[in-house]
Amino acid sequence: MIRLAAITRVFRMGDQEVRALNNVSIDIASGEYVSIMGPSGSGKSTLLNVIGLLDRPDGGRYELDGNDVTDLSENERARVRREKIGFVFQSFHLVPRLTAAENIELPLMLEGVAPTERKSRVDAALDAFDLRDRARHRPSELSGGQRQRVAIARATILRPTALLADEPTGNLDHRIGAEVMALLEGLHHAGTTLIVVTHDRELGARAHRHIGMRDGEIVADET
Amino acid sequence: MTPLDTLKLSFSTVASYRTRSLLIVLAMALGVAAVVVLTALGEGARRYVVGQFSSLGTNLIIVLPGRAETSGGFPGAALGQTPRDLTLDDALFISHLPQVRRLAPLNVGVAELASGGRLREVTVLGSTSELLPIRHMKLSQGSFLAQGSERSAQIVLGSVLAREFFPDGKAVGQRVRLGDSRFLVSGVLAVQGESMGFNSDEIAIIPIDYAQELFNTESLFRILVEARSRNAIEPAKAAIRHALTLRHDGEEDVTVITQDAVLDTFDRILRALTLGVAGIAAISLAVAGILVMNVMLVAVAQRTSEIGLLKAVGATSADIRRLFFAEALWLSLAGGAIGYALGHFGAWMIRLAYPLLPAFPPAWASVAGVATALITGVIASLLPASRAAKLDPVLALSGK
Ligand SMILES: Nc1ncnc2c1ncn2[C@@H]1O[C@H](COP(=O)(O)OP(=O)(O)O)[C@@H](O)[C@H]1O
Ligand SMILES: [Mg+2]
């Protein structure tokens with residue numbers, strides 16, 4: 001359960017002030033499938049970053065699964081990110097030096113999971129995302145769709161309650177993008193809360209709840 | 001993240017940035033090697049000099065005739081006097097001083113040694129039985145000049161002379177001619193090699209009376225005195241000077257020197273020198289540290305988005321800091337280890353090239369060199385690591 005109450009996020013550039021989020025309030029129940037759409041610069045990414053505890057709001061309260069997480073310390077936020085949130089980015093953000101398997105393994109390592117258990121969980125993920133024969137490949141040797149599959153495997157390896165995807169198909173062609181969306185929807189069916197920021201109307205329409213944003217405010221919220 | 005995983009992950013990072021890592025490791029290694037080699041040289045020089053002096057004897061006081069003073073010269077010179085001779089009676093008198101354990105009067109000259117058709121010029125020392133213990137000499141055969149044997153015509157040969165004249169090795173008991181007199185070989189010195197530019201393997205030693213007769217002199221060249229202990233050196237020196245001044249009608253016309261004073265000075269100078277070069281070499285390590293810091297700052301800048309990603313998947317600031325910290329640790333560890341090996345190899349090469357120089361790097365220098373590399377590396381990583389740890393994840397992810 002994600003509960004944002006009067007969240008404000010202000011960026012200052014010199015003496016200019018940008019209200020990336022202006023008094024945003026929203027509840028997203030566990031297991032929902034939500035798309036966020038809106039013009040560029042409307043605050044979609046900022047909203048996702050606040051939900052994912054990557055960014056701190058300047059005002060308002062944020063409650064996650066019944067706990068107020070607004071004022072958590074840096075370390076506690078890292079722990080919550082690790083345990084409850086999975087991020088998928090437009091540009092994949094794989095570590096170029098590490099193989100596909102090692103990239104997927106990263107969150108397990110950060111969590112302190114023992115190596116033997118890590119191996120079996122990574123193997124399972126490789127199977128689930130059809131990456132078995134790409135396990136030892138580095139990101140530069142993978143196609144865009146394969147890279148995003150690795151990123152999704154990494155985002156879900158610790159079984160987060162919420163998966164936050166910021167334009168996950170933005171760098172993929174239409175057919176591959178549809179495949180990736182199908183993969184994310186599969187995770188939603190398995191119970192994960194799925195929040196997708198997208199420009200693509202068609203893909204956005206597949207969500208069960210559609211949030212529209214403009215100038216840092218929520219202007220539409222339809223199911 | 002467990003420490004082991006931190007070490008593994010940072011190792012793979014360091015290994016994958018091959019050129020950059022090699023450069024840093026090389027800079028570190030050269031610094032450490034410089035510390036090891038330079039201290040090996042300094043310490044080798046110190047040991048060499050100390051060894052040379054010690055081979056002359058311990059607690060040694062040397063009395064020589066004449067006054068070696070920078071100002072004024074011999075006080076009686078103005079009155080037309082020459083410095084008085086140092087005689088055997090003077091030596092006998094000094095030997096009764098309580099601070100003196102033993103002494104050996106010394107005359108030195110060159111004479112012709114002949115035996116069995118062979119003939120050569122040799123350096124001849126005239127002395128007493130006490131010369132052996134005072135100068136730390138050893139015999140390989142026979143006996144030294146027997147105590148109270150000043151009047152028997154005995155001769156002790158250096159090892160090279162003995163081999164030259166008696167290739168069959170049976171020198172003891174043979175007769176030789178030195179100058180115009182005949183001597184009986186009583187013993188052969190063990191091989192000692194050169195010390196202070198004086199090769200005791202090619203000398204002959206005869207009783208002092210014969211030497212004075214041979215060289216036609218009453219005056220001693222030196223008196224070698226061994227004090228009872230290290231602490232007795234200074235009192236002995238004063239007592240000797242006092243006694244000889246009395247015997248010489250109030251004229252202080254002898255010079256009394258101790259090698260310990262000289263030795264201590266050398267020892268101190270060379271220790272300071274070793275420390276100095278070690279310090280200079282350590283500065284090159286500090287420079288390597290600055291290099292490490294710069295390269296790591298660049299690395300942090302290059303890997304900004306990766307750091308953002310790590311934070312997004314749940315890395316704490318401490319995780320990030322430790323990762324960069326561990327990278328510096330690996331680099332300086334490799335640099336230290338390679339530098340250590342390189343330095344010891346260098347010292348070994350020096351010992352090969354100059355066998356006389358015991359150029360062994362002191363243990364403290366090896367430890368200090370490697371430790372300095374580790375500490376510099378780790379300190380150099382503090383700023384980049386904390387900069388990485390403090391990065392704002394959102395900005396970092398957007399590559400800003
Ligand atoms: N770090 C930042 N510094 C200054 N302004 C920012 C920063 N991040 C976002 N903004 C501004 O906040 C607004 C919302 O940005 P963003 O959430 O990225 O929009 P969207 O994802 O909808 O395109 C934009 O005007 C953007 O310029
Ligand atoms: Mg955006």
Side-chain angles (χ1 to χ4, degrees), chain A residues 9 11 13 20 45-50 52-56 72-99 102-115 118 138-139 151 153-158 160 164 166, chain B residues 1-21 296 298-327 330-331 385-400:
Chain A
R9 180 72 174 104
F11 292 107
M13 302 276 280
S45 295
T46 305
L47 179 61
L48 218 55
N49 290 336
V50 167
L53 291 170
L54 272 186
D55 206 354
R56 277 177 191 271
L72 289 186
S73 73
E74 197 46 52
N75 271 345
E76 290 165 328
R77 289 153 66 84
R79 183 178 49 75
V80 175
R81 278 201 295 273
R82 205 159 56 225
E83 290 173 356
K84 303 200 173 211
I85 310 285
F87 272 106
V88 177
F89 304 96
Q90 177 176 2
S91 52
F92 321 129
H93 280 302
L94 300 180
V95 180
R97 297 181 305 281
L98 302 181
T99 63
E102 286 165 343
N103 266 286
I104 296 171
E105 192 184 358
L106 265 181
L108 293 168
M109 215 187 235
L110 290 168
E111 178 73 1
V113 176
R118 288 209 300 254
R138 286 177 208 284
R154 183 181 62 193
T156 53
I157 193 80
L158 282 177
L164 314 181
D166 194 347
Chain B
M1 200 164 180
T2 66
L4 187 66
D5 283 329
T6 304
L7 285 175
K8 276 187 188 162
L9 190 60
S10 57
F11 181 83
S12 79
T13 307
V14 164
S16 68
Y17 289 107
R18 199 158 300 156
T19 320
R20 174 194 294 173
S21 298
M296 289 197 70
V298 172
V300 170
Q302 279 180 345
R303 279 153 61 190
T304 299
S305 89
E306 177 187 325
I307 295 162
L309 176 274
L310 283 174
K311 288 198 164 189
V313 295
T316 61
S317 297
D319 287 331
I320 308 276
R321 194 175 309 117
R322 283 192 213 109
L323 275 173
F324 277 88
F325 205 64
E327 282 178 30
W330 280 119
L331 291 171
S386 86
R387 192 171 282 188
K390 281 200 201 111
L391 282 178
D392 174 69
V394 176
L395 286 180
L397 276 167
S398 64
K400 281 177 204 153

**Study point:** Heavy-atom check, side chain of A:E102 versus side chain of B:L9, under 4.5 Å
**Key:** no
Revision key, fill the gap. Per-residue tally against chain A (heavy atom, under 4.5 Å) across B:S16, B:S12, B:S317 peaks at B:S16
Exercise for review: Any chance you could measure A:M109, atom CE, to B:K8, atom NZ, to the nearest 0.5 Å?
Suggested key: 7.0 Å
Review point. Near B:R387 CZ, under 6.0 Å, is it more than 12 heavy atoms from other residues, nucleotides or ligands?
Key: no
Check your understanding: Roughly how far apart are B:K311 NZ and A:L110 CG, rounded to 0.5 Å?
Key -> 12.0 Å
**Study point:** Region of A:R118 that comes under 4.5 Å of a non-hydrogen atom in chain B
**Key:** side chain
Check your understanding: Under a 4.5 Å cut-off applied to non-hydrogen side-chain atoms, are B:L397 and A:L54 in contact?
Key -> yes
Point to revise | Nearest-0.5 Å distance that lies between atom CD in A:E74 and atom NZ in B:K390 | key: 12.0 Å
Review point. Roughly how far apart are A:D55 CG and B:L395 CG, rounded to 0.5 Å?
Key: 8.5 Å
Exercise for review: Please flag which part of A:R154 lies under 4.5 Å from any non-hydrogen atom of chain B: side chain, backbone, both or neither.
Suggested key: side chain
Review point. Between B:T6 and chain A, which part of the residue has a heavy atom less than 4.5 Å away: side chain, backbone, both or neither?
Key: neither
Review point. Taking only residues two or more places apart in sequence, or in another chain, which ones meet B:F11 in a ring-ring contact (aromatic ring centres under 6.0 Å, His included)?
Key: B:W330
Exercise for review: Taking all heavy atoms of B:A315 and all of A:A78, pick out the closest pair and write down the distance.
Suggested key: O-CB, 3.7 Å
Exercise for review: Select one option (side chain, backbone, both, neither) describing which atoms of A:L98 are under 4.5 Å from chain B's heavy atoms.
Suggested key: side chain
Review point. When rounded to the nearest 0.5 angstrom, what is the spacing between CG in B:D5 and CG in A:L108?
Key: 10.0 Å
Practice item. Using a cut-off of under 4.5 Å on heavy-atom pairs, state which of A:R97, A:E83, A:E76 scores highest against chain B. Key: A:R97
Review point. Could you name the residues of residues 89-96 of chain A that have a heavy atom within less than 4.5 Å of a heavy atom in chain B?
Key: A:F89, A:H93, A:V95
Review point. Which value, rounded to the nearest 0.5 Å, describes the distance between B:E306 atom CD and A:L106 atom CG?
Key: 8.5 Å
